[in-house]
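Shown next, in structure tokens, is the structure this report addresses.
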Amino acid sequence: YEEEEHTLRELRIFLRDMCKKLANNRLFFMFTKPVDTEEVPDYTNIIKQPMDLETMMTKVDFHRYECARDFLNDIELICQNALEYNPASKHVCFRTSADKQIRHRACSLRDYAYTLIKSEMDTDFEEKCLSISTKR
Ligand SMILES: CC(=O)c1nc(NC(=O)[C@H]2CNCCN2)sc1-c1cc(O)cc(O)c1
């Protein structure tokens with residue numbers, strides 16, 4: 001009913017702000033757009049469910065998130081995809097290469113997103129969203 005729609009509207013405004021903050025952080029530029037399968041042809045052979053911050057912004061607009069937990073699940077997906085596509089391997093070259101930096105960036109994206117949401121979102125607001133989400 002109207003009160004629930006108001007809550008979900010507030011959630012969308014909050015999540016767009018989160019997306020903007022994450023996408024505007026230069027550290028995370030490689031997570032801001034879908035991986036270009038022209039440039040990286042083997043990507044979709046390895047990663048079955050690609051995700052990126054621009055896609056997440058679109059999902060907010062399409063009312064695809066009903067609580068912060070669903071939003072963080074997609075952040076987790078971005079992180080897991082990057083760790084999977086850039087595995088820590090025993091070869092020396094992977095220990096010092098760009099792959100290691102991408103793995104670090106993926107982990108900091110995840111930690112930064114959790115911390116940002118935890119610090120900026122009231123727990124009772126998230127509980128309200130969760131109760132709406134479970135009822136629907
Ligand atoms: C985001 C991600 O997971 C990603 N991983 C990469 N790994 C590599 O290039 C490793 C793969 N193993 C062999 C040595 N190279 S490049 C890359 C990426 C970077 C961007 O600036 C934009 C973009 O869309 C994707």
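Each ligand, and each atom within it, is numbered from 1 in the order the structure gives. Side-chain atoms are counted along with the backbone in the values below, which use heavy atoms only and exclude waters and symmetry mates.
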- Task: Start with the C-alpha gap between E3 and K128, add the side-chain angles, then the distance that decides, and say whether salt bridge (Lys or Arg N to Asp or Glu O under 4.0 Å) holds.
- Result: CA-CA 10 Å; E3 159 68 17; K128 233 162 120 186; 3.0 Å; yes
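- Each of the atoms 5 (N), 6 (C), 7 (N), 11 (C) of ligand 1 lies under 4.0 Å from some heavy atom of Y85.
- L83 belongs to no hydrophobic cluster with other residues, because no ILVMFWY side-chain heavy atom falls under 4.5 Å from its own, directly or through intermediates.
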Side-chain polar contacts of residues 21-36 - donor-acceptor pairs under 3.5 angstrom, sequence neighbours left out - could you list them?
| unit_1 | atom_1 | unit_2 | atom_2 | d |
| --- | --- | --- | --- | --- |
| K21 | NZ | D17 | OD2 | 2.9 |
| K21 | NZ | E120 | OE1 | 3.4 |
| K21 | NZ | E120 | OE2 | 3.4 |
| N24 | ND2 | K20 | O | 3.3 |
| N25 | OD1 | L27 | N | 2.9 |
| T32 | OG1 | F29 | O | 2.6 |
| K33 | NZ | E54 | OE2 | 2.9 |
| D36 | OD1 | E38 | N | 2.7 |
| D36 | OD1 | E39 | N | 3.4 |

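- Considering backbone and side-chain N/O atoms, N86 comes within less than 3.5 Å of an N/O atom of ligand 1.
- Residue contacts with ligand 1 for D99 involve side-chain atoms from C-beta outward but no N, CA, C or O (heavy atoms, distance under 4.0 Å).
- Defined by atom type and a distance below 3.5 Å, a donor-acceptor pair is missing between the side-chain atoms of E84 and Q80.
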